[in-house]
Asks: 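Structure incoming, see below.
Chain identifiers are assigned alphabetically (A, B, ...) following the order of the sequence lines, protein sequences preceding nucleic acid strands; residue numbering begins at 1 within each chain. All heavy atoms count here, side chains included; hydrogens, waters and symmetry mates do not.
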Number of protein chains: 2
Amino acid sequence: MENVIQALKEKLAEEQISTNQTIKELHSKDETYHQTSLPDLVVFPKSTEDVSHIMKVAQRFKTPVTPFGVGSSLEGHVIPYQNGITVDFSLMNKVLEIKEGDLLVKVQPGVTREQLNKELKKYGLFFSVDPGANATLGGMAATNASGTTTVKYGVMRDQVRDMEVVLADGSVIHTGNLAAKSASGYHLNGLFVGSEGTLGYFTELTLQVYGIPEHIVAARATFTSLTNAIQAVTSILHAGIPIARVEFVDEASIMQLNKFSGTNYPVKPTLFLEFHGNEAGLQADVAFTKEIMEDHECDNFTSESDNAARNHLWEARHNLAYAYIHDYVGKKMMLTDVAVPISELANSVIYARGELDKLNIPGGLLGHVGDGNFHSLIMIDMNNEEELKKAKQFNEKVVRYALARGGTCTGEHGVGVGKKPYQREEHGAALDVMIQIKKALDPNNILNPTKIVDID
Amino acid sequence: MENVIQALKEKLAEEQISTNQTIKELHSKDETYHQTSLPDLVVFPKSTEDVSHIMKVAQRFKTPVTPFGVGSSLEGHVIPYQNGITVDFSLMNKVLEIKEGDLLVKVQPGVTREQLNKELKKYGLFFSVDPGANATLGGMAATNASGTTTVKYGVMRDQVRDMEVVLADGSVIHTGNLAAKSASGYHLNGLFVGSEGTLGYFTELTLQVYGIPEHIVAARATFTSLTNAIQAVTSILHAGIPIARVEFVDEASIMQLNKFSGTNYPVKPTLFLEFHGNEAGLQADVAFTKEIMEDHECDNFTSESDNAARNHLWEARHNLAYAYIHDYVGKKMMLTDVAVPISELANSVIYARGELDKLNIPGGLLGHVGDGNFHSLIMIDMNNEEELKKAKQFNEKVVRYALARGGTCTGEHGVGVGKKPYQREEHGAALDVMIQIKKALDPNNILNPTKIVDID
């Protein structure tokens, strides 16, 4: 590595390169159960030129490079399994430009979601993608993150107008333009978003933002059964009500949430909802939603348009993962992440709950059910090999169930190493197309190797 | 070609292969001014297996293959400039499955937009992308078509959940799955949509559809100037009003439209609008829109919720291209198609109108201004070399103006041969990434060669 460090120092300052053990350990893991692995060194670029230089050095020495935002990833994306250089984007954290008139913002990849929204609020704007964690926007683009608002505003890929990307040879490209749509050439925005650092590193992102809605209503609805709750969602979607969020939380998770957040929500299958629009329209939407829910044995429906009450409700929902982590100190989190066609959702959730009950491991179900995407969250004792094995088998069962019904192994967390074993099963011969693209753009396989697919 | 025909006959019936001159001529052109070129033969596959066989034969003999829907393309995409085999998808025109519960439909590529909507109507559903022409869905996916409803429902790429694609070697892949979102692997749906037959041929498409809105209001607004009309649109977008269509038509085009459709709309810069939602919400949206328009010197605002009146209004708008074609018999149509960031739209339209006025060629401006996308439609006498040259220079000026302002050379018509000269200017080094992908997936360059980029 001495050669690599020497070459990096040609353009980077001393303090931008670290081999400190604590720093390396911070970059050896993500937020979940995946095995850790140390980088040989961590670099902190400050500019596109720095990233380009790092890439050229990595290419010269055929050293693996792994990107790192805040490490909130869930499938091992940021763990450098072949060691080498970890590129930490925390010093590239500027909101470069807010183009209010175009509803666009240009940011560096290390800007976090909350940091951006704080800036945008001054202009009456907001960034729509909300995965829960305060992830970096570079990381969210790398994994095609989504979350609670996707049912209305779309996934991360839908928000990206343009990215500046440093390729494996250090050259710099732009993947799009600033117009709202384009039919010019291959869709590189779409290809690079979700490529998990395996095709190039993002150094600037131009993202679409929205005006803060005129009127917002949040609601909470409880049901007599899980099936009723999910079927109510299906009916809302069919009715074409333009719902902005619709989140399912099962009984086990409501208990956990009450314990952590001090709420006393009824311990029942629950939907958390949100509506955005004008006041008259929302009144009609909420009334229609309530009617549909009552057809599905909803026994309690509470709506809130007051700002503080709405925030309280969503804060409780957003703290759910931490509610589990907080209560099971020393255990590691595993999250399944399948998405299925809406018609398969109720049965998929019932199946997952049934399999989870057999495990005797603490956990619950929650999900962005408007997109057919749900998570089983389970807390694993990593010193208990039997438990880890059972948890992995459970994950596998849920994935196979979804794939057999036209679904996907990951709705929003990405592949990383955790979903790599299912790539062939999900994509079939299309995986070879992905491999051809990877080989064409990264012939020496230095860009986040071992992620998405293994390259010979 | 005799060898090729012999090989094709191994699996195709006699009547699926044509070398008839009339048939070849029908496949030698699109709807615009681009130079014609004849295929050597036209084949009519009936199944994925047929397409796969055609591709294997083409690969064996290194014969170019060009796809063909109904020929409504506007940038020469379907014209076989290297002759060879044209693959006409008109026999693959079945709606295979309507998955009502999932709001999905599976179709063959030769199904047209109107054919699909006729089927969907029985279920209270509709397909959102409306480019005006009754194009095939395969062709619309190949060019990433969009149109009047894009401002609310998105472009063709946004509707594609999965496609079955035959690759250059005859192998068959699926590009997606049936879930509403996915973070699994590279975004092949996005890559193949808009690839204009240069990466593979679509044999099945699974598309997202929507419930017909509860309530629809259409409106027409006239303005004292073009600038006021465009600035009104910008203000509507900023206000976050969820408008479903917003179309600009300039004075010259209103005159043409009145003449063709027998309407007597005031000859002024005009917006045609549409709103979808619940009745109470729409009343508020329309009232707010009217208020914004009046701030921008709108001198007449008429809204219609009656079905027949709405249809009449949109029919007039949709017939606009035909209104020109009908009136200039023997002339050919050229359409510019830039899209720019919203803040640049008013100036871009004024610039285009000014340049058009200098030409002394009949034409007008119209556009999907909610997306920053507008067209200058001009009618050219192809026997007048001077006129063709002037028209091409005009097109070039409008494109350069848009590119210099962060826009794109084509918002929705695609590249074909017409926008190929601007690909390097628009994409810079990113064009090399596109070329690398093309070479990886079509090493012998048999798939619609000469389109998007020239490959050595």
Asks: In terms of heavy-atom pairs under 4.5 Å, which option from B/Val193, B/Thr198, B/Ile241, B/Thr206 contacts chain A the most?
Replies: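 The answer is B/Thr198.
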Asks: Need one label for A/Asp285: side chain, backbone, both or neither, based on atoms under 4.5 Å from any heavy atom in chain B.
Replies: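 For A/Asp285, the contact with chain B is made by backbone and side chain together.
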Asks: Side chain, backbone, both or neither: which part of B/Gln423 has a non-hydrogen atom closer than 4.5 Å to chain A?
Replies: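 Side chain only.
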Asks: Go through the atoms of B/Thr175 and report whether side chain, backbone, both or neither lie under 4.5 Å from a heavy atom of chain A.
Replies: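 When you check distances to chain A, no heavy atom of B/Thr175 falls under 4.5 Å.
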Asks: Pick from B/Ala280, B/Pro341, B/Ala429, B/Ala339: which one has the most heavy-atom pairs with chain A under 4.5 Å?
Replies: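 So the answer, after comparing B/Ala280, B/Pro341, B/Ala429, B/Ala339, is B/Pro341.
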Asks: Just give me the residue among B/Gly185, B/Gly414, B/Ala180 that pairs up with chain A most often, heavy atom to heavy atom, under 4.5 Å.
Replies: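 That would be B/Gly185.
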Asks: Could you tell me which portion of A/His413 (side chain, backbone, both or neither) has an atom closer than 4.5 angstrom to a non-hydrogen atom of chain B?
Replies: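 Contact with chain B is through the backbone of A/His413 alone.
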Asks: Between B/Glu100 and chain A, which part of the residue has a heavy atom less than 4.5 Å away: side chain, backbone, both or neither?
Replies: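 Just the backbone, heavy atoms under 4.5 Å.
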Asks: Any side-chain to backbone donor/acceptor pair from A/Asp102 onto B/Ser343? Under 3.5 Å, distance only.
Replies: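 A pair under 3.5 Å: yes.
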Asks: Please answer whether the main-chain N or O of A/Ser184 pairs with a side-chain N or O of B/His427 as donor and acceptor at a distance below 3.5 Å.
Replies: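 Side chain of B/His427 to backbone of A/Ser184, a donor-acceptor pair under 3.5 Å: yes, one is there.
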Asks: Which value, rounded to the nearest 0.5 Å, describes the distance between A/Leu191 atom CG and B/Ile437 atom CD1?
Replies: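 The CG atom of A/Leu191 sits 5.0 Å away from the CD1 atom of B/Ile437.
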Asks: So which part of A/Arg161 gets closer than 4.5 Å to some heavy atom of chain B, the side chain, the backbone, both or neither?
Replies: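 Neither part; nothing is under 4.5 Å.
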Asks: Can you tell me how far CG of A/Leu441 sits from CG of B/Asp432, rounded to the nearest 0.5 angstrom?
Replies: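 It comes to 11.0 Å.
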Asks: Among A/Gly370, A/Ala402, A/Pro242, A/Ser146, who wins on heavy-atom pairs under 4.5 Å with chain B?
Replies: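 Ranked by contacts with chain B, first place is A/Ser146.
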Asks: Starting at NZ of B/Lys99, measure out to CD1 of A/Ile342 and round the result to the nearest 0.5 Å.
Replies: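 Result: 12.5 Å between the selected atoms.
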Asks: Measuring heavy-atom distances to chain B, does A/Tyr186 have an atom under 4.5 Å in its side chain, in its backbone, in both, or in neither?
Replies: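 Interface part for A/Tyr186: both.
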Asks: Which one of A/Pro213, A/Gly240, A/Gly407, A/Gly194 has the most heavy-atom pairs closer than 4.5 Å to chain B?
Replies: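 If we count pairs closer than 4.5 Å to chain B, A/Gly407 comes out on top.
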Asks: For B/Ile173 and A/Leu431, what are the C-alpha separation, side-chain angles and deciding distance, and is it a side-chain contact (heavy atoms from CB on, under 4.5 Å)?
Replies: CA-CA 9 Å; B/Ile173 64 163; A/Leu431 191 64; over 6 Å; no
Asks: Let me confirm one number: the CD-CZ distance from B/Glu214 to A/Phe288, rounded to the nearest 0.5 Å.
Replies: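 Going from the CD atom of B/Glu214 to the CZ atom of A/Phe288 covers 6.5 Å.
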Asks: Can you find a pair of side-chain heavy atoms, one from A/Val433 and one from B/Leu188, that are under 4.5 Å apart?
Replies: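 Sidechains of B/Leu188 and A/Val433: in contact.
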Asks: A/Gln436 versus chain B, heavy atoms under 4.5 Å apart: side chain, backbone, both or neither?
Replies: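 Backbone plus side chain of A/Gln436, per the 4.5 Å heavy-atom cut-off to chain B.
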Asks: Quick check for you: to the nearest 0.5 Å, what is the distance between B/Arg405 atom CZ and A/Asn177 atom CG?
Replies: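 The CZ atom of B/Arg405 sits 14.5 Å away from the CG atom of A/Asn177.
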Asks: Heavy-atom pairs under 4.5 Å with chain B: which of A/Leu199, A/Asp337, A/Leu125, A/Asn189 has the most?
Replies: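 Winner by heavy-atom pair count: A/Leu199.
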Asks: For A/Asp371 and B/Lys181, indicate whether the former's side chain and the latter's backbone hold a donor-acceptor pair under 3.5 Å.
Replies: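 Not at all, since once roles are kept as given, no pair shorter than 3.5 Å links the two residues.
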Asks: As an exercise: rank B/Ala183, B/Ala179, B/Gly281 by heavy-atom pairs under 4.5 Å with chain A and give me the winner.
Replies: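 When all of B/Ala183, B/Ala179, B/Gly281 are compared, B/Ala183 has the most.
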Asks: Sort B/Glu412 into side chain, backbone, both or neither according to what part of it lies under 4.5 angstrom from a heavy atom of chain A.
Replies: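 Its backbone and side chain both get close to chain A.
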Asks: Please look at A/Leu167 and chain B and tell me whether the side chain, the backbone, both or neither of the residue comes under 4.5 angstrom of a heavy atom of that chain.
Replies: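 When you check distances to chain B, only side chain atoms of A/Leu167 fall under 4.5 Å.
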Asks: When heavy-atom pairs shorter than 4.5 Å are enumerated against chain A, which of B/Val453, B/Thr408, B/Leu103 gives the highest number?
Replies: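 Highest number of pairs under 4.5 Å: B/Thr408.
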Asks: So which part of B/Val172 gets closer than 4.5 Å to some heavy atom of chain A, the side chain, the backbone, both or neither?
Replies: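 Only the backbone of B/Val172 comes within 4.5 Å of chain A.
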Asks: In terms of heavy-atom pairs under 4.5 Å, which option from A/Gly406, A/Ala239, A/Gly190 contacts chain B the most?
Replies: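 Sorted descending by pairs with chain B, the first entry is A/Gly406.
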Asks: Give the member of A/Cys409, A/Ala284, A/Gly372 that has the highest number of heavy-atom pairs under 4.5 Å with chain B.
Replies: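 Sorted descending by pairs with chain B, the first entry is A/Ala284.
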Asks: Which atoms of A/Val155 are under 4.5 Å from chain B, going by heavy atoms: the side chain, the backbone, both sets, or neither?
Replies: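 When you check distances to chain B, only side chain atoms of A/Val155 fall under 4.5 Å.
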Asks: Looking at B/Glu426, B/Arg157, B/His276, B/Lys419, which one has more heavy-atom pairs under 4.5 Å with chain A than the rest?
Replies: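 That would be B/Arg157.
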Asks: Who wins among A/Asn278, A/Val415, A/Ile452 for the most heavy-atom pairs under 4.5 Å with chain B?
Replies: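 Looking at each option in turn, the highest pair count goes to A/Asn278.
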Asks: Judged by atom type as modelled, is there a donor-acceptor pair below 3.5 Å linking the side chain of B/His174 to the main-chain atoms of A/Ala430?
Replies: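 Pair absent, no side-chain N/O of B/His174 close to backbone of A/Ala430.
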Asks: Can a donor-acceptor pair be found, under 3.5 Å and without considering hydrogens, that links the side chain of B/Asn144 to the backbone of A/Ser182?
Replies: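 Between the backbone of A/Ser182 and the side chain of B/Asn144 there is a qualifying donor-acceptor contact (under 3.5 Å).
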